[in-house]
Amino acid sequence: MSQSDRELASTFVPADIEAPLYEKWMKAGYFTADAKSEKPPYTIVIPPPNVTGVLHIGHALDHTLQDALIRMKRMKGFEALWLPGMDHAGIATQNVVEKQLAGQGKSRHDLGREEFVKKVWQWKAESGGAILGQMKRLGDSVDWSREAFTMDENLSKAVLTIFKKLYDADLIYRAERIINWCPRCLTALSDIEVEHQDIDGEFVQITYGDPGETQISIATTRPETMLGDGAVAVNPDDPRYKDLVGKQVKLPYVNRMIPIIADELVDPEFGTGAVKVTAAHDPNDFEMAMRHNVPMVVIMNEHGVMSGTNTQFDGMDRFEARKAVVEQLRKDGRIGWEKRPYSHSVGHCQRCATIVEPRLSLQWFVKVAPLAKAAADAVRDGRVKIEPKEMEPRYFEWVDNMHDWCISRQLWWGHRIPVWYGPQGEVLVVGADEKAPDGYSQDPDVLDTWFSSALWPFSTLGWPADSDDLKKFYPTSVLVTGYDILFFWVARMMLFGLFAMDGKQPFHTIALHGLVRDQFGKKMSKSRGNTIDPIEFMDKYGTDALRFTLARGANPGKDQALAEDWVGGSRNFATKLWNATRFAMMNGATIDGELPSTASLNGIDKWILSRLSETISEVDSLLESYEFARACDRIYHFAWDDLCDWYLELSKESFASGDAKNSQRVLGYVLDQLLRLMHPFMPFITEQLWTTLTGGESLVIAQWPVANPDHLDQSSHKIIANIQEVITEVRRFRNDQGIKTSAKIPGRFVAPAEFAPYESAMRFVLKLEASDFTPSANLQIGSVKAEFDLTGTIDVAAERARLTKDLATAKKDLETANVKLNNQGFMAKAPAEVVVEIKERLAKTSADIERITSQLNSLPAQ
RNA sequence: GGGUGCUUAGCUCAGUGGUAGAGCGUCUCGUUUACACCGAGAAUGUCGGGGGUUCGAAACCCUCAGCGCCCA
């Protein structure tokens with residue numbers, strides 16, 4: 001099909017092109033990577049969204065950046081694999097299905113474990129993974145043939161394999177520890193699944209011991225837990241309590257005698273300087289209890305209801321009990337002061353916001369110290385780079401101080417812990433392809449979801465098998481994700497990746513981006529009502545506009561604000577590009593054959609080729625260093641300012657003349673290259689424009705542009721800069737004089753010979769007619785004089801105002817330059833080229849001042 | 001308490017030693033044969049305060065103030 005048969009619609013309607021183009025790409029199999037390929041690999045694994053999730057604006061950003069990288073690398077000739085998939089999201093998914101059951105008045109226990117898990121799978125089949133379809137709308141060039149799910153057979157096998165490997169290396173153990181317990185989800189949580197928030201609580205002073213016996217006053221924010229106290233602790237250096245240490249004091253209501261112990265952990269400044277030690281319900285207390293052999297008394301059941309204290313408080317919810325205990329204490333005259341509200345930090349369940357109960361219980365843990373050390377070293381010695389580098393301290397802060405990781409969850413949805421207990425209390429880890437002996441029963445708990453997602457970079461590639469994919473695509477190239485899951489996920493992949501793959505890091509680079517916030521920079525949340533639905537914006541402005549806006553805001557590691565107006569602005573940009581391409585095609589832009597030799601080109605053509613070359617190398621290197629915002633900025637200004645506002649305007653005259661073969665070829669070339677350069681960010685519109693312009697098969701598999709150093713041409717930059725200055729000044733003059741943009745006026749230039757080739761183009765742009773006239777006004781811009789016939793008078797006041805302003809600016813510049821040149825220190829120490837520059841500036845401003853002054857003097861008096 | 005970042009035009013943000021920038025918004029003018037989702041022009045900043053280093057600081061150092069995030 002020849003170019004004349006291909007046409008662009010007169011307006012750009014994103015909805016008309018997006019879905020068909022994505023279909024085309026899928027059918028062509030462009031996104032499917034080949035493990036047998038000779039090309040160098042480039043791999044990104046997607047941060048797996050929750051199976052319960054829908055696409056939010058954060059995904060849109062994350063995916064836009066990954067897709068930009070993958071598309072660029074694919075165009076560069078890499079075997080690019082972007083591997084998609086989802087996470088089974090233990091608690092979140094179980095909650096969804098339990099809620100459904102609750103709607104029918106049932107609980108998971110009514111179904112039983114097996115039936116319930118079946119139900120979850122059924123839910124997944126019917127309503128899980130809504131996000132996958134939405135990824136297609138975003139244009140994600142992921143390899144759907146490799147889509148993975150953390151509960152897939154092979155990924156589950158990877159879980160069993162690593163569990164056994166860790167266990168055999170003594171890196172997994174079972175112990176009774178204080179863990180974070182969610183009384184609503186009824187499961188243990190790891191530290192990072194707990195969110196700390198300040199709440200208005202209370203702080204009360206309570207006296208233990210009866211009058212006449214040993215007495216001591218403690219202060220606490222959790223009075224109800226006094227029933228489980230095993231000791232009272234004071235600082236060993238606190239003189240107030242010196243005599244009491246070692247004595248016993250009677251705990252009210254439970255009437256147990258508990259020791260008063262001394263421990264460094266106690267802050268004498270805090271409260272009364274004496275604290276209660278409730279070993280089974282507080283991590284710090286647990287530590288002290290271990291040191292002093294204090295008994296650990298559990299006083300609540302798994303629902304957070306008081307139990308086993310043998311007091312009147314048994315059966316009360318923990319918060320109810322808090323009130324009741326305080327009331328009773330008050331009645332008994334045991335309360336000193338009470339501070340209420342007392343703001344302090346309290347842990348909440350990340351999934352359901354319930355206040356977490358620290359609780360002594362038997363759980364499985366990963367011993368992280370050696371793993372974390374390896375993970376830290378890999379970054380310290382540069383095997384893994386974190387971009388931007390400023391994020392490294394955060395990473396080290398975490399991996400250097402990581403606590404052992406509680407991995408057991410009292411849930412049904414997830415990978416069941418592969419530990420079997422024998423009739424004599426034997427403990428056996430049953431790996432992949434192994435079977436537990438008869439009479440053994442499996443641990444009922446499942447593993448933390450992050451346990452399986454920590455394996456993602458290699459379990460998705462076929463590990464533990466030594467698969468072709470693993471050989472070709474591991475280690476992955478870059479991990480692109482928000483800094484908010486650096487600890488949840490990224491650090492854990494480092495831990496497990498290095499361990500499982502014998503020290504081979506899971507990725508070469510970790511590229512972190514920020515969060516998307518609302519237009520005022522405020523965090524988005526449902527309660528604030530300021531969330532943005534990416535689908536809505538795609539419907540309204542097109543996917544390319546949304547992607548470009550997000551990429552343009554993506555400074556490494558920094559949050560970005562997003563406003564609807566800005567997406568509209570990107571849509572305008574897309575339309576601009578559409579129209580520029582239409583214009584180019586109408587004017588016979590060609591893509592066939594060699595570019596004409598540089599020597600045969602006019603300065604305008606040389607200039608745009610030079611600018612293109614600069615832009616290509618800048619965008620390329622910015623993209624390679626994850627500077628998405630700056631890359632987009634370069635593209636935007638090249639396309640809109642250089643190409644549309646200047647090149648096309650300055651070339652219109654020659655296109656109209658019908659004799660513009662060279663320029664037609666140059667324009668075709670520039671657009672062809674620009675569309676390639678933009679494709680990673682705006683895949684749909686560029687594909688549509690490029691295939692229409694060039695007749696090529698697809699930009700997805702087209703070659704990435706390479707800057708041509710032969711096109712760099714400084715002299716054309718100089719002349720075009722001068723021309724731009726002349727045009728801008730004349731426009732300003734016309735504007736100040738109230739001459740309509742469309743009005744043609746007689747005008748000409750008196751200029752050095754180097755401007756001669758451009759004079760007609762300049763006159764065309766400025767609507768100046770060449771004719772014989774006696775100038776009634778003129779402007780001097782550098783070495784160029786513009787003369788006009790304004791048929792009589794000019795607006796003297798306007799002209800005086802304009803010149804006066806110019807004069808002020810010039811005088812100020814002159815002053816600045818003079819100050820510098822009169823400064824001996826500057827003359828002595830500043831680099832020569834800076835001195836020359838200032839001297840040139842001085843000369844120019846002096847000339848300007850002289851010229852403007854004389855022009856002002858020659859204006860008729862008012 | 002530990003870590004970390006920010007404070008630049010009305011808003012959101014770039015800008016790591018040499019005359020302050022962008023997008024959006026604002027004002028004026030304009031339908032000129034790609035585009036009004038457009039074009040042309042304009043206005044707007046003692047770069048948080050104070051001190052220091054330097055010939056020269058928005059940038060480097062110190063300090064104060066305010067805001068934010070992560071962790072405990």
Side-chain angles (χ1 to χ4, degrees), chain A residues 8 10-12 191-192 195-196 267 283-284 345 347 390-398 400-403 483-484 486-487 514-515 517-523 541-542 545 549 552-553 555 557-587 627 629-630 632-633 636-637 644-645 648-649 652 655-656 727-736 738-744 764-767 805 809 812-817 819-831 833-835 837-838 841 845:
Chain A
L8 284 174
S10 60
T11 47
F12 170 45
D191 289 350
I192 52 173
E195 282 174 2
H196 290 266
D267 175 8
N284 289 329
S345 177
E390 299 93 88
M391 285 287 171
E392 278 186 3
R394 282 191 190 219
Y395 174 81
F396 291 131
E397 167 80 2
W398 174 258
D400 293 345
N401 303 301
M402 197 172 174
H403 294 166
Y483 61 75
D484 55 327
L486 185 60
F487 311 133
L515 277 33
R517 316 184 80 107
D518 78 1
Q519 59 179 313
F520 303 112
K522 294 268 178 275
K523 203 168 177 174
Y541 302 103
T549 309
R552 197 179 184 191
N555 287 113
K558 291 210 170 174
D559 290 353
Q560 66 168 301
L562 180 67
E564 179 161 0
D565 278 352
W566 309 343
V567 184
S570 296
R571 185 270 318 265
N572 297 352
F573 178 50
T575 306
K576 186 78 181 174
L577 196 72
W578 184 273
N579 285 313
T581 308
R582 270 179 65 223
F583 175 79
M585 291 181 69
M586 280 188 254
N587 283 280
E627 295 266 15
R630 295 168 80 175
C632 288
D633 194 63
Y636 182 91
H637 285 111
C644 292
D645 286 350
L648 291 182
E649 292 304 324
K652 270 181 181 171
F655 285 133
I727 289 175
T728 304
E729 283 303 308
V730 174
R731 279 172 175 165
R732 190 158 79 99
F733 172 78
R734 288 180 56 128
N735 220 287
D736 291 345
I739 301 163
K740 286 187 179 181
T741 322
S742 56
K744 292 184 175 163
F764 183 86
V765 168
L766 289 168
K767 299 270 183 298
K805 193 181 147 209
T809 308
K812 207 176 135 202
D813 288 351
L814 181 79
E815 173 67 13
T816 317
V819 166
K820 291 208 168 194
L821 294 172
N822 291 333
N823 180 332
Q824 291 188 348
F826 176 78
M827 295 306 284
K829 296 194 175 174
E833 62 269 23
V834 175
V835 176
E837 196 193 314
I838 306 286
R841 203 184 299 157
T845 47

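Letters A, B, ... are given to chains in the order of the sequence lines, protein chains preceding strands, and every chain is numbered from 1.
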### Query
Hey, does A/Thr816 reach any base, or is it just sugar-phosphate, or nothing, if we go heavy atoms under 4.0 Å?
nothing
### Task
With P as the reference atom in both, quote the distance from B/G2 to B/G49 in angstrom, rounded to an integer.
28 Å
### Query
Base, sugar-phosphate, or nothing: which does A/Asp645 touch, judged by heavy atoms less than 4.0 Å apart?
sugar-phosphate
### Query
Roughly how far apart are A/Leu821 CG and A/Thr816 OG1, rounded to 0.5 Å?
10.5 Å
### Message
Between A/Asn401 (side chain only) and A/Glu397 (backbone N and O only), is there a donor and an acceptor less than 3.5 Å apart?
### Response
yes
### Task
Can you tell me the distance, in whole Å, between the CG atom of A/Leu577 and the C1' atom of B/C38?
15 Å
### Task
Indicate whether OP1 or OP2 belonging to B/A42 is found under 4.0 Å from a side-chain N or O atom of A/Lys805.
no
### Message
Can you check the distance between B/G23 and B/A14, where both ends of the measurement are the P atom (answer in whole Å)?
### Response
16 Å
### Message
In the structure I gave you, are the side-chain heavy atoms of A/Phe826 and A/Ile838 within less than 4.5 Å of one another anywhere?
### Response
yes
### Query
Rounded to the nearest 0.5 Å, how far does CG of A/Leu562 lie from CZ of A/Arg517?
12.5 Å
### A/Asn587 CG to B/A34 P, straight-line distance once rounded to whole Å
7 Å
### Message
Between A/Phe487 and A/Phe583, which residue's closest nucleotide on RNA chain B lies nearer the 5′ terminus?
### Response
A/Phe583
### Query
What distance, rounded to whole Å, do you find between the two C1' atoms, one in B/C64 and one in B/G39?
49 Å
### Pairwise 5' ranking along RNA chain B for A/Cys644 and A/Trp398, keeping only the more 5' one
A/Cys644
#### Entry: Heavy-atom side-chain proximity of A/Lys744 to A/Lys767 below 4.5 angstrom
yes
### Query
What distance, rounded to whole Å, do you find between the two P atoms, one in B/A22 and one in B/U54?
34 Å
### Task
To the nearest 0.5 Å, tell me how far A/Leu515 CG sits from A/Asp484 CG.
5.0 Å
### Query
When all nucleic acid strands are considered with a 4.0 Å heavy-atom cut-off, which category describes A/Asp565: base, sugar-phosphate, or nothing?
sugar-phosphate
### Task
Quick one: label A/Arg552 by what it contacts on the DNA or RNA (base, sugar-phosphate, nothing), any heavy atom closer than 4.0 Å.
sugar-phosphate
### Query
Between A/Asn555 (side chain) and A/Lys558 (backbone), is there a donor-acceptor pair under 3.5 Å?
no
#### Entry: Between B/C55 and B/U44 - C1' atom distance, rounded Å
32 Å
### Task
Could you tell me the separation between the CZ atom of A/Arg732 and the C1' atom of B/A40, rounded to a whole number of Å?
13 Å
### Task
Looking at every strand, decide which applies to A/Asn555 at a 4.0 Å heavy-atom threshold: base, sugar-phosphate, or nothing.
sugar-phosphate
### Task
Side chain of A/Ser742 only, please: which of B/G23, B/U32, B/U19 is the nearest?
B/U32
#### Entry: Minimum side-chain heavy-atom gap A/Leu648-A/Phe583 below 4.5 Å
yes
### Whole-Å distance separating the NZ atom of A/Lys829 from the P atom of B/U54
8 Å
### Query
About how many Å separate CG of A/Leu766 and CD of A/Glu649, when rounded to the nearest 0.5 Å?
10.5 Å
### Query
Taking it one step at a time, do A/Asn579 and A/Arg582 satisfy side-chain hydrogen bond (donor to acceptor under 3.5 Å, both in side chains)?
CA-CA 5 Å; A/Asn579 285 313; A/Arg582 270 179 65 223; 2.8 Å; yes
### Task
Have a look at A/Thr728 and say if it touches a base, only the backbone sugar-phosphate, or nothing, with a 4.0 Å heavy-atom cut-off.
sugar-phosphate
### Message
What is the separation between atom CG on A/Asp633 and atom P on B/A22, rounded to the nearest whole Å?
### Response
10 Å
### Query
For atom C1', what is the distance between B/A43 and B/G1, given to the nearest Å?
49 Å
### Query
Between B/G5 and B/A9, how far is it from one P atom to the other, in whole Å?
22 Å
### Whole-Å distance separating the CD1 atom of A/Ile727 from the C1' atom of B/G39
14 Å
### Task
Rounded to the nearest angstrom, tell me the gap between atom CZ in A/Phe733 and atom C1' in B/C29.
16 Å
### Message
To the nearest 0.5 Å, what is the distance between CD on A/Gln560 and CH2 on A/Trp566?
### Response
8.5 Å
### Query
Any salt bridge between A/Glu815 and A/Lys812, counting N to O under 4.0 Å?
no
## Note on the structure
Every stem of 3 or more Watson-Crick or G-U pairs under 3.5 Å that RNA chain B joins, in order of first number, is B:1-7 with B:65-71, B:10-13 with B:21-24, B:26-30 with B:38-42, B:48-52 with B:60-64
Between the protein and nucleotides 35-37 of chain B, are there any N/O to N/O pairs under 3.5 Å, and if so, what are the atom names and distances?
unit_1, atom_1, unit_2, atom_2, d
B/C35, O4', A/Asn579, ND2, 3.3
B/C35, O2', A/Asn579, ND2, 3.2
B/C35, O2, A/Lys576, NZ, 2.9
B/C35, N3, A/Lys576, NZ, 2.8
B/C37, O4', A/Asn572, OD1, 3.0
B/C37, O2, A/Arg571, NE, 2.9
B/C37, O2, A/Thr575, OG1, 2.5

### Message
Treating primed atoms plus P, OP1 and OP2 as sugar-phosphate and everything else as base, which nucleotides of nucleotides 3-12 of chain B get B, S or - for protein heavy atoms under 4.0 Å?
### Response
SS------SS
### Message
With rounding to the closest Å, how many angstrom separate the C1' atoms on B/G50 and B/G10?
### Response
28 Å
### Query
Please give, in whole Å, the distance from B/C69 P to A/Asp484 CG?
13 Å
### Query
Under 4.5 Å between any side-chain heavy atoms of A/Lys576 and A/Asn572, yes or no?
no
### Message
At 4.0 Å (heavy atoms only), tell me whether A/Ala580 reaches a base, stays on the sugar-phosphate, or touches nothing.
### Response
base
### Message
Quick one: does any side-chain atom of A/Arg734 pair with a main-chain N or O of A/Lys740 as donor and acceptor, under 3.5 Å?
### Response
yes
